[in-house]
Number of protein chains: 2
Amino acid sequence: MTVQSKRAPRGDLFDVRCPTRDLLDRVGGKWTAMLVKLLDEAGERRFSELSRGAAGISRKMLASTLRDLERDGLVSRRVQPTTPPSVYYELTPLGRSLSEPLATLRNWAESNMRAVDDARIEFDRRS
Amino acid sequence: MTVQSKRAPRGDLFDVRCPTRDLLDRVGGKWTAMLVKLLDEAGERRFSELSRGAAGISRKMLASTLRDLERDGLVSRRVQPTTPPSVYYELTPLGRSLSEPLATLRNWAESNMRAVDDARIEFDRRS
DNA sequence: CGGCATCCTGAGAGATACTG
DNA sequence: CAGTATCTCTCAGGATGCCG
């Protein structure tokens, strides 16, 4: 199991129950947002296609991330009973609806991350 | 230093350079999004006010998160030379512009995280 | 082909104590 | 008041290998 109960020792008042926090715990994974985008653009794809399309991801992390997405109802999994089996993944309507706010975030990132990087360089230079 | 060079061992093609990934590495921190929201709503605030307003966060994590935000140019820090000193934090224009996509994400979360949780329960029940 | 199971490392984050 | 220093623990995530 992955991304399940991150932390929850002490009795916080605000933190743990915030839905945004929960969402970021899921979507903040290293490959999650990228996979949602990929599936949104490419539609239904097999495991091996995703593995090739998402350069850099290991098969383990791909399987793990897809499983988490399926668990959260964002991705549907369809097994074609061939030999060897073919497994297809696709965004659910819920998953597709998530790709919109993610796109908003992506647009901001593409427009402003340069400024963020510059600020960081400047900040580090002073220190 | 926090959140600096996360990973970069192998020569990936897609991953590391993606601005969205970079953004999520920053905003995906446990307290970051919440602090941006708090500062967006409340305007300029002192350290201790934020500490009280953001229930659950330790002084260490508050200082660390604020420092990262300042480093990224999203928050400005102003020291009032009183004794003892007062330090005020405020979103920069860049930080305020980020609060919009974050609000979009928050809206999605508030509307849909229930469905995600249900999907998760259902998935776990089957397993 | 499409996964789990296992091991290992490093970063995020909490607790606590100290300082100008 | 507003932090910094240190120590510790958990967990995401990479590497590798086995299985139906």
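Throughout, protein chains are lettered first and strands after them, A, B, ... in sequence-line order, and every chain is numbered starting at 1.
Rounded to an integer number of Å, the gap from A:Glu70 CD to C:dG2 C1' is 13 Å. Put simply, CG on B:Leu50 is 12 Å from C1' on D:dA2, counting in whole angstrom units. Atom CZ of B:Arg67 is separated from atom C1' of D:dA2 by 13 Å (rounded to the nearest Å). Separating the CD1 atom of A:Ile57 from the C1' atom of C:dG3 is a distance of 13 Å, rounded to the nearest angstrom. The separation between B:Leu62 atom CG and C:dA13 atom C1' is 14 Å, rounded to whole Å. At whole-Å resolution of the value, CG in A:Leu66 and C1' in C:dC1 are 14 Å apart. In this entry the distance linking CG of B:Asp68 with P of C:dG12 reads 9 Å, nearest Å. Between the C1' atom of D:dG13 and the CG atom of A:Leu35 lies a distance of 14 Å, rounded to the nearest Å.
Using a 4.0 Å heavy-atom distance criterion, B:Tyr88 is classed as making no nucleic acid contact. Among the protein residues, A:Ser58 comes within range of no part of the nucleic acid, since none of its heavy atoms lies under 4.0 Å from any strand. Looking at heavy-atom distances under 4.0 Å, A:Arg59 makes contact with a base.
B:Thr92 and B:Val75 make their closest contact through CG2-C, 3.6 Å (heavy atoms, listed as atom of the first residue, atom of the second, distance). In plain terms, the two heavy atoms of B:Gly95 and B:Val36 that are nearest each other are O-CG1, 4.3 Å.
One finds a side-chain N or O of B:Arg46 lying less than 4.0 angstrom from the OP1 or OP2 phosphate oxygen of D:dA2. In this model, the phosphate group of D:dA2 is approached by a side-chain N or O of B:Ser48 to a distance below 4.0 Å at OP1 or OP2. Residue B:Lys30 has a polar side-chain atom (N or O) positioned under 4.0 Å from OP1 or OP2 of C:dG14.
For B:Met61, whose side chain is taken as the heavy atoms from C-beta onward, the closest listed nucleotide among D:dG3, D:dT16, C:dG14 is C:dG14. Counting only heavy atoms from C-beta on, A:Tyr89 has its side chain closest to C:dG3 among C:dG3, D:dT4, D:dT16.
Applying the salt bridge (charged side-chain N to carboxylate O under 4.0 Å, His left out) test to every pair with at least one member in residues 74-85 of chain B, sequence neighbours left out, gives these pairs: B:Glu44-B:Arg78. Contacts classified as salt bridge (charged side-chain N to carboxylate O under 4.0 Å, His left out) and involving residues 47-62 of chain B (residues at least two apart or in different chains) are given here: B:Arg45-B:Glu49.
Residues meeting the side chain to side chain contact (heavy atoms under 4.5 Å, CB included) test with B:Thr32, sequence neighbours left out: B:Thr65, B:Leu69. Take B:Asp117 and apply the salt bridge (charged side-chain N to carboxylate O under 4.0 Å, His left out) test, not counting sequence neighbours, and it matches A:Arg26. For the side chain to side chain contact (heavy atoms under 4.5 Å, CB included) test, residues two or more places apart in sequence or in another chain that qualify with B:Ser86 are B:Arg46, B:Gln80, B:Thr82, B:Tyr88. Every residue two or more places apart in sequence or in another chain that forms a side chain to side chain contact (heavy atoms under 4.5 Å, CB included) with A:Thr104 is listed here: B:Pro101, B:Thr104.
Residues from residues 72-84 of chain A placing a heavy atom under 4.0 Å of any atom in DNA chain D do not occur.
Using modelled atom types, no side-chain atom of B:Ser51 and backbone atom of B:Phe47 make a donor-acceptor pair closer than 3.5 Å. Formation of a donor-acceptor pair under 3.5 Å by the A:Ser64 side chain with backbone atoms of A:Met61 is not found in this model.
The rotation axes computed at either terminus of the helix from C:dC1-D:dG20 to C:dG20-D:dC1 lie 40° apart, taking five pairs at each end and rounding to 10 degrees.
Heavy-atom nearest nucleotides on DNA chain D were determined for A:Pro85 and for A:Lys60, and the one closer to the 5' end corresponds to A:Lys60.
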